[in-house]
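Contents: one structure, followed by commentary.
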Amino acid sequence: MTDFGRRVWHLIGKIPRGQVASYGQIARWLGRPRHARLVGMSLRSCPSGVAWHRVVNARGGISLRAAHGSMLTQRILLEQEGVLLRSGRVSLARYGWQGPGKVSRPRRRHGG
DNA sequence: GACTTGACTAGAC
DNA sequence: AGTCTAGCCAAGT
């Protein structure tokens with residue numbers, strides 16, 4: 001695996017439980033704004049322990065295909081963390097990670 | 001080293 | 001809201 005790949009795993013490991021990040025965001029935080037696809041490529045061979053399921057596409061949807069047999073798995077894993085999907089999508093406004101160095105915002109159901 | 005592939009993204013219709 | 005197209009760039013063959 002490339003050095004970039006390892007950085008991807010490391011960063012993904014920092015995504016708080018119950019939140020998600022997009023491929024593009026991860027690439028940007030690693031200083032590679034055009035390497036969103038490379039992020040996904042790195043996840044193809046990610047080691048166990050990496051919360052790969054917290055990575056979704058820019059629309060908040062799951063980019064995996066049935067061919068990988070993990071499309072449903074990701075949804076299940078996300079919902080186990082309290083991340084609910086609406087029409088196959090996640091609300092990035094609500095579950096989107098702010099990024100490294102940012103404090104996780106408190107989640108609340110109602111206004112506050 | 002050229003060609004193909006891909007867990008992406010933004011824009012247009 | 002769903003589909004199609006163009007752009008992107010490194011890994012794999």
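Within every chain, numbering begins at 1; the chains are lettered A, B, ... in the order of the sequence lines, protein sequences first and strands thereafter. All figures in this text were calculated on a predicted structure; none of them were measured in a lab.
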Checklist entry - Reckon S22(A) touches a base, only the sugar-phosphate, or nothing at all at heavy-atom distances under 4.0 Å? => result sugar-phosphate
Next on the checklist: Could you tell me how far apart R34(A) (CZ) and dC8(C) (P) are, to the nearest whole angstrom?
Outcome noted: 8 Å
Item to check | Interatomic distance, N57(A) CG vs dC8(C) P [rounded to whole Å] | outcome: 20 Å
Next on the checklist: Between Q74(A) (side chain only) and V55(A) (backbone N and O only), is there a donor and an acceptor less than 3.5 Å apart?
Outcome noted: yes
Checklist entry - Roughly, in whole Å, what's the span from CH2 in W9(A) to P in dA7(B)? => result 16 Å
Checklist entry - H35(A) side chain N/O closer than 4.0 Å to the phosphate oxygens (OP1, OP2) of dC9(C)? => result no
Checklist entry - Roughly how many Å is it from CG in L38(A) to P in dG12(C), rounded to a whole number? => result 9 Å
Checklist entry - Would you say Q19(A)'s side chain and P16(A)'s backbone share a donor-acceptor pair under 3.5 angstrom? => result no
Item to check | Interatomic distance, M41(A) CE vs dC8(C) P [rounded to whole Å] | outcome: 17 Å
Checklist entry - According to a strict under-4.0 Å criterion, is R37(A) in side-chain N/O contact with OP1 or OP2 of dG6(B)? => result no
Item to check | Base paired to dG7(C) (Watson-Crick or G-U; both N/O distances under 3.5 angstrom) | outcome: dC8(B)
Checklist outcome for this item: L77(A) CG to dA7(B) C1', in whole Å, measures 14 Å
Next on the checklist: In whole Å, I'd like the distance from the OH atom of Y23(A) to the P atom of dG7(C).
Outcome noted: 24 Å
Checklist entry - Mind checking whether W97(A) and W29(A) have parallel, tilted or perpendicular rings, split at 30° and 60°? => result perpendicular
Next on the checklist: Less than 4.5 Å apart, side chain to side chain, heavy atoms only: is that true for L77(A) and W52(A)?
Outcome noted: yes
Checklist entry - Does a side-chain N or O from T2(A) land closer than 4.0 Å to OP1 or OP2 of dA10(C), or not? => result no
Checklist entry - How would you label the contact of R28(A) with the nucleic acid (heavy atoms, under 4.0 Å): base, sugar-phosphate, or nothing? => result nothing
Next on the checklist: Heavy-atom count check: over 12 atoms from other residues, nucleotides or ligands less than 6.0 Å from R59(A) CZ?
Outcome noted: no
Item to check | Atom pair distance, as rounded to whole Å: CZ in R44(A) and P in dC8(B) | outcome: 11 Å
